[in-house]
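My structure is below; once you've seen it, I'll send some questions.
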Amino acid sequence: MTTEELLALGLRVDVDGAVATITLDRPEVRNAQTPQMWRALASVGETLPEDVQVVVVQGAGDTFSSGLDRRMLDPRGTGDDQETVVGLLQRSDEVISATIDDYQKGFTFLRDPRFVSIAKVRGHAVGAGFQLALSCDIRIVADDVKFSMKESALGLVPDLTGTKPLVEAVGYSRALEICATARTVGAEESVRIGLALSAHPGDELDDVVKTLVESLTAPMPGVVSETKKLLQGANDRDLDEQRRLEREAQTRRFRAVAAALGG
Ligand code: CAA
């Protein structure tokens, strides 16, 4: 998609060498998300250059994202031809499921082992916004962060791939409580329960993320991605399977290091 097409959907994508920055850019509606935006995010994920090693996801202005654009739930539609979530009601269960599968691809690409994804989160991360942050490998937050999984308050469940990483981050019991009550999780708690890696004063957040990005891009190309592949899903594998993957990864690394040294 062209820069103009992305901008029209409220997305900015800046690629600078090994670092891609994706900005939700609809500050006038607190970076509310639309189905078109999710489809565009999926397309961005498919077309990121091969040498991108880190992807930073952020929101324009003081808030990460207010979640689903509420116009998408208005039975009267949006007044134009825009795809809405409520429009799905007229479809069969199979079509609804296939459509949500497409939406989810706007989130799942952030788990690609090719790069490390970082959510830089200020202010509110509501519903789909919370789930977008959860799709990233690492969340670094400002002191004013407010995570809330608002879906249950609307009679819905979180369906944009956030439930698995939430359980992995905070455990089943806490995840259930956060989703079912739709309550807000602030900065101190988010770090304490493992939802965020660290919290910082708002005016320091950019520098903290920049330093982390520099550290992640410092090692030899390939090694961080190989490490991510190894750690991703480690909980779901038994020890024998995990140590086999370690051996295989290390063999590839030995050869890559030797090749780099001219061996
Ligand atoms: N969709 C559309 N417009 C939104 C919006 C949203 N999700 N969130 C905020 N806006 C608009 C407001 O209508 C307002 O517009 P006007 O200036 O024209 O009045 C503008 O953005 C600013 O909003 P606030 O004054 O409320 O901003 P705030 O900074 O005081 O509060 C907020 C921010 C806490 C995020 C609050 O706006 C809010 O609660 N928004 C709704 C959040 C919500 O319910 N999202 C849906 C969650 S469910 C989901 O995401 C998953 C799913 O797929 C179902």
Side-chain angles (χ1 to χ4, degrees), residues 8-11 22-42 57-80 82-91 93 95-110 119-136 139 141-167 175-187 189-190 195 202 205:
L9 297 175
L11 282 176
I22 299 176
T23 307
L24 304 187
D25 195 7
R26 303 180 72 208
E28 68 287 358
V29 286
R30 304 300 184 263
N31 306 317
Q33 302 174 25
T34 60
Q36 290 83 351
M37 195 186 256
W38 299 331
R39 290 185 189 280
L41 279 170
V57 181
Q58 61 184 9
D62 296 335
T63 265
F64 185 71
S65 172
S66 59
L68 179 71
D69 188 322
R70 285 174 308 193
R71 290 185 316 147
M72 301 298 134
L73 294 173
D74 187 338
R76 291 164 300 176
T78 55
D80 48 29
Q82 230 184 112
E83 178 179 359
T84 64
V85 172
V86 80
L88 280 177
L89 280 175
Q90 287 130 35
R91 307 301 178 91
D93 289 3
V95 171
I96 294 177
S97 177
T99 306
I100 296 175
D101 186 35
D102 286 344
Y103 297 164
Q104 289 171 332
K105 293 188 177 103
F107 296 72
T108 49
F109 80 91
L110 290 161
K120 179 164 69 173
V121 189
R122 300 176 189 281
H124 295 273
V126 185
F130 191 177
Q131 296 191 68
L132 187 63
L134 280 165
S135 302
C136 294
R139 285 158 290 287
V141 303
D143 281 349
D144 68 348
V145 78
K146 291 181 193 66
F147 290 108
S148 62
M149 204 66 94
K150 268 278 184 295
E151 283 79 350
S152 68
L154 300 172
L156 303 171
V157 296
D159 65 340
L160 296 167
T161 80
T163 55
K164 187 170 167 64
L166 183 63
V167 170
L176 177 58
E177 181 257 339
I178 287 171
C179 293
T181 64
R183 75 169 171 92
T184 297
V185 180
E189 182 185 2
S190 70
L195 183 55
L205 191 63

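FYI, side chains are in, hydrogens and waters are out, and symmetry mates aren't considered; it's all heavy atoms of this structure. Atoms within each ligand, like the ligands themselves, are counted from 1 in listed order. It should be emphasised that the depicted structure is a prediction, and the values quoted were computed from it without experimental measurement.
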The complete set of salt bridge (charged side-chain N to carboxylate O under 4.0 Å, His left out) pairs with one or both residues in residues 148-158, sequence neighbours excluded, reads none
Show me, by chain and number, every protein residue that has a heavy-atom distance under 4.0 Å to ligand 1.
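Residue list for ligand 1: E28, V29, R30, A32, S66, G67, L68, D69, R70, H124, V126, G127, A128, K150, E151, L154, L156, L160.
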More than 12 non-hydrogen atoms from neighbouring residues, nucleotides or ligands closer than 6.0 Å to CG on D62, yes or no? no
Self-check item: Nearest-0.5 Å distance that lies between atom CE in M72 and atom CE in M37
Solution: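 Taking CE in M72 and CE in M37, the distance rounds to 9.5 Å.
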For D102, the salt bridge (charged side-chain N to carboxylate O under 4.0 Å, His left out) test, sequence neighbours excluded, returns R39, K105
- Non-neighbouring partners of D25 that pass salt bridge (charged side-chain N to carboxylate O under 4.0 Å, His left out), sequence neighbours left out: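 Per chain and number, D25 pairs via salt bridge (charged side-chain N to carboxylate O under 4.0 Å, His left out) with R12.
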Are any of the side-chain heavy atoms of L132 and L24 separated by less than 4.5 Å?
yes
